[in-house]
Asker: 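Handing you a structure now.
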Number of protein chains: 2
Amino acid sequence: MELTPIAQKFIVHWGEMGEKWGINRTVAQIHGLLYLSPEPLNAEEISDTLSVARSTVSVGLHELESWGIIRVVHTLGDRTDRFEIKGDVYEMFRFIVEYRKRREVDPTLGMLREAMVELEAGGDPHTREKIGEMLALFETSDSLYRQIQKVSTQTIVRIAKMGDIVSKILKFFPE
Amino acid sequence: MELTPIAQKFIVHWGEMGEKWGINRTVAQIHGLLYLSPEPLNAEEISDTLSVARSTVSVGLHELESWGIIRVVHTLGDRTDRFEIKGDVYEMFRFIVEYRKRREVDPTLGMLREAMVELEAGGDPHTREKIGEMLALFETSDSLYRQIQKVSTQTIVRIAKMGDIVSKILKFFPE
DNA sequence: CCGTGATTTCGATCTTTACCGAAAGAACCG
DNA sequence: CGGTTCTTTCGGTAAAGATCGAAATCACGG
């Protein structure tokens, strides 16, 4: 499949950007390609378009599936697995955040909590204070995240798109 | 310098966690060590404690300085550069977010804006729609971020620590 | 302006990670 | 059941990234 120059630019940039955030470049590119594609693609089309090995595409697709942001589609008269992006950009964003939080933030939260338990049963006061502060940051963020998680995408978008939303909120919480 | 088992665990975990977010493990470890340290450390102490080459520490410290989260301290009768964490965990968090946003999100925003300009001057409608949606997500996030950025850490912490904050906010924005 | 100690630079390794492609494995058809 | 087509696994290789340590540079006191 041929890509327009703009599509190419987007996909390449997406790959580089992903890399900086600890995401495999090829995986990010596959994601970018699927995102732009008007219809579901199969592994071979992706492989051809991005010039990467079929096997690499296979692995990448599974990775994206495990994040929950793409799905398999089957169409009549086509034996190949075709893939498409699930939901809109906002949902996608939420899925990615959720996935990374669960795999990377939650374990840290666990570690900090354990450390805190041990430190409270006698440990260096300075360490206790520092770990305590960090734990507080993580707990607060976690709690905020959980609350926001419950709100529908629709509601979030609606509110986020109102101009000057933060100052409006601040008015409700005076000094 | 000797580390307690808890400090070790924290620093090691911090390093691994950093790696997953595209941060050099050693840099993250240096950061973790400085975070726990009751007083400023010089490069050699860090090098010894973490068992990494002196030069690697030097580079790592500069990296952390460029993020704006550590500072150099000089004390009388000591010719070495000593380093310490700047501000509390919340400020640290803000600095890191700011740094990464500027270097990694802003360029993407730029790319999307450019792409959108080109697409509006005639381009595939589907691509235009998809890039448009992604751009909207980035613009909304960017705008939200800029608004929050202006609010003092103090205020954010105060509000964040109130229980159930999100549902309180939602009450002000009925359907 | 020399000497000492601290710091940084930089090329050479070492380690990790990504990627390929051949072969094995599934799913499906007749 | 073979045969066909699609998918996955996996060992080897290549590329990228991290780390080291020697040498260059810098900073400052005497």
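We use all heavy atoms of the structure for the numbers below, so side chains are in, but hydrogens, waters and symmetry mates are not. This is a predicted model, so every value here is computed, not measured.
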Asker: For A/Arg25 and C/dT16, give me the distance from atom CZ to atom C1', rounded to whole Å.
Answerer: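 Going from A/Arg25 (CZ) to C/dT16 (C1'), I get 15 Å.
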Asker: Does B/Ser58 make a side-chain N or O approach to OP1 or OP2 of C/dT8 shorter than 4.0 Å?
Answerer: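 Indeed, a polar side-chain atom of B/Ser58 lies that close.
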Asker: Going by ring pair (Phe, Tyr, Trp, His ring centres under 6.0 Å), name the residues that satisfy it together with A/Phe95, two or more places apart in sequence or in a different chain.
Answerer: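 Applying ring pair (Phe, Tyr, Trp, His ring centres under 6.0 Å) to A/Phe95 gives none.
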Asker: Verify the contact: side-chain N or O of A/Ser55 to OP1 or OP2 of D/dT8, cut-off strictly under 4.0 Å; return yes or no.
Answerer: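 So the side-chain polar atoms of A/Ser55 never come under 4.0 Å of the phosphate oxygens OP1 or OP2 of D/dT8.
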Asker: May I ask you to check whether B/Arg82 and B/Thr75 show a side-chain donor-acceptor distance below 3.5 Å?
Answerer: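 No, because no side-chain N or O of B/Arg82 sits under 3.5 Å from a partner of the opposite role on B/Thr75.
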Asker: For the residue pair A/Phe173 and B/Phe172, categorise the inter-ring angle as parallel (less than 30°), tilted (30 to 60°) or perpendicular (more than 60°).
Answerer: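 Ring orientation of A/Phe173 relative to B/Phe172: perpendicular.
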Asker: Checking A/Arg146 now: which residues fulfil salt bridge (charged side-chain N to carboxylate O under 4.0 Å, His left out) with it, not counting sequence neighbours?
Answerer: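 With neighbours one apart ignored, the set is A/Asp142.
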Asker: Where each residue is assigned the nucleotide of DNA chain D containing its nearest heavy atom, which of A/Glu65 and B/Gly22 is assigned the position nearer the 5′ end?
Answerer: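 The answer here is A/Glu65.
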Asker: Mapping A/Arg79 and A/Asn24 onto DNA chain C by nearest heavy atom, which one lands closer to the 5' end?
Answerer: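 Its nearest nucleotide lies further toward 5', so the answer is A/Asn24.
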Asker: Quick one: B/Leu41 CG to C/dA6 C1', roughly how many Å, whole number?
Answerer: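 After rounding, the reported distance stands at 16 Å.
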Asker: For A/His31 and A/Trp14, take the angle between the two ring planes, folded into 0 to 90°, and tell me which bin it lands in: parallel under 30, tilted 30 to 60, perpendicular over 60.
Answerer: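 Plane angle under 30°, so parallel.
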Asker: Looking at A/Arg54, does any N or O in its side chain come under 4.0 Å of the phosphate oxygens OP1/OP2 on C/dG21?
Answerer: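 No, because none of the side-chain N or O atoms of A/Arg54 sits under 4.0 Å from OP1 or OP2 of C/dG21.
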Asker: So if I take every side-chain heavy atom of A/Asp81 and compare against D/dC20, D/dT9, D/dT7, which nucleotide ends up nearest?
Answerer: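 That would be D/dT7.
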Asker: What is the nucleic acid contact for B/Ser51, judged by heavy atoms within less than 4.0 Å: base, sugar-phosphate only, or nothing?
Answerer: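 The residue B/Ser51 makes sugar-phosphate contact but no base contact.
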Asker: Of the candidate nucleotides D/dC20, C/dT7, D/dT9, which contains the atom at the shortest distance from the side chain of B/Ala53?
Answerer: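 In terms of side-chain proximity for B/Ala53, the closest of D/dC20, C/dT7, D/dT9 is D/dC20.
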Asker: Quick one: B/Ile23 CD1 to C/dT16 C1', roughly how many Å, whole number?
Answerer: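 Nearest whole value for this atom pair: 18 Å.
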Asker: May I ask you to say what B/Thr56 touches in the nucleic acid, namely base, sugar-phosphate or nothing, with a heavy-atom cut-off under 4.0 Å?
Answerer: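 Base contact.
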Asker: Rounded to whole angstroms, how far apart are CD1 on B/Ile46 and P on D/dC20?
Answerer: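 In whole Å, D/dC20 P and B/Ile46 CD1 are 14 Å from each other.
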Asker: Using whole Å, report how far CD of B/Glu19 lies from C1' of C/dT17.
Answerer: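 Distance check: B/Glu19 CD to C/dT17 C1' gives 11 Å.
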Asker: Without decimals, in angstroms, what is the distance between A/Leu64 CG and D/dT8 C1'?
Answerer: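 Result: 16 Å.
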Asker: Can you measure A/Asp78 atom CG to C/dC28 atom C1' for me and round it to whole angstrom units?
Answerer: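 Going from CG in A/Asp78 over to C1' in C/dC28 covers 13 Å.
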Asker: Which whole-number value in Å describes the distance from B/Glu63 CD to C/dT9 P?
Answerer: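 Going from B/Glu63 (CD) to C/dT9 (P), I get 13 Å.
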Asker: Can you see if the side chain of B/Thr26 gets near the phosphate of D/dT19 - specifically, an N or O under 4.0 Å from OP1 or OP2?
Answerer: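 Affirmative; the distance criterion is met.
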